[in-house]
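All values derive from a computational prediction rather than experimental measurement. Every heavy atom of this structure was used, including side-chain atoms; hydrogens, water molecules and symmetry mates were not.
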Amino acid sequence: VAICTALVAGLIIGATLEHYRLCIGYYPTSLDLVQAELTPLKPKDPAQPDTLPGYRIEPTGYLLWSAGDDGKDDGGTLLQDWLWRVKRVP
């Protein structure tokens with residue numbers, strides 16, 4: 001169930017990030033910049049329900065992550081966190 005909740009949160013946040021990029025021209029530097037749009041939908045990290053998943057901009061897109069099975073945020077580490085990497089092709 002937790003991985004499904006994380007996938008839904010990733011889809012909601014991903015759609016919000018793409019909407020921001022289409023309107024502004026680039027991805028937000030922080031999820032705080034899209035918090036108002038996310039609040040009604042309440043996407044949360046199932047491993048840390050009081051927080052949004054992790055997020056960082058990468059050279060070709062962005063990375064979203066959930067704290068994973070152990071409930072520990074490892075900063076988007078493969079095999080420890082659940083990752084969603086989005087790469088944009090120019």
Side-chain angles (χ1 to χ4, degrees):
V1 174
I3 187 71
C4 292
T5 303
L7 287 171
V8 170
L11 289 170
I12 291 169
I13 294 168
T16 303
L17 292 171
E18 286 303 318
H19 181 257
Y20 183 97
R21 185 190 62 79
L22 289 170
C23 291
I24 306 297
Y26 50 87
Y27 291 114
T29 54
S30 165
L31 290 180
D32 292 338
L33 295 173
V34 293
Q35 182 68 39
E37 290 83 5
L38 293 173
T39 299
L41 303 171
K42 298 179 177 67
K44 298 293 180 190
D45 184 336
Q48 297 179 334
D50 295 333
T51 66
L52 288 169
Y55 166 75
R56 74 171 167 255
I57 296 175
E58 296 188 324
T60 59
Y62 62 87
L63 177 68
L64 280 174
W65 69 88
S66 172
D69 286 325
D70 64 0
K72 181 181 171 211
D73 183 347
D74 294 297
T77 303
L78 185 63
L79 302 177
Q80 295 176 342
D81 294 328
W82 296 326
L83 308 180
W84 299 269
R85 179 167 276 121
V86 173
K87 292 186 177 185
R88 297 202 38 81
V89 178

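Residues Q35 and L52 form a side-chain contact, since some pair of their non-hydrogen atoms from C-beta on lies under 4.5 Å apart. Side chains of R21 and Y62 form no contact here, defined as non-hydrogen atoms less than 4.5 Å apart. Looking only at side-chain heavy atoms (C-beta outward), Y55 and L17 come within less than 4.5 Å of each other. In this structure, the side chains of W82 and P53 stay at 4.5 Å or more apart for every pair of heavy atoms.
A side-chain donor from one of W65 and D73 sits under 3.5 Å from a side-chain acceptor of the other.
For residues 50-66, every residue pair satisfying the salt bridge (charged side-chain N to carboxylate O under 4.0 Å, His left out) rule, not counting sequence neighbours, is listed here: R56-E58, E58-R85.
If you chain together hydrophobic residues whose side chains sit under 4.5 Å apart, I12 and I3 fall into the same group.
Judged by distance alone, with hydrogens and angles left aside, the side-chain atoms of Q48 form a donor-acceptor pair with the main-chain N or O of G71 at under 3.5 Å. In this structure a side-chain-to-backbone donor-acceptor pair under 3.5 Å is missing from D81 to L83.
Heavy-atom minimum distance, G10 versus L64: O-CD1, 3.9 Å. The heavy-atom pair separating E37 from T16 by the smallest distance is CB-CG2, 4.0 Å. Taking both residues in full, the closest heavy atoms of Y20 and P28 are given as CD2-CD, 3.3 Å, listed atom of the first, atom of the second, then distance.
Every side chain to side chain contact (heavy atoms under 4.5 Å, CB included) that T60 has, sequence neighbours left out, goes to K87.
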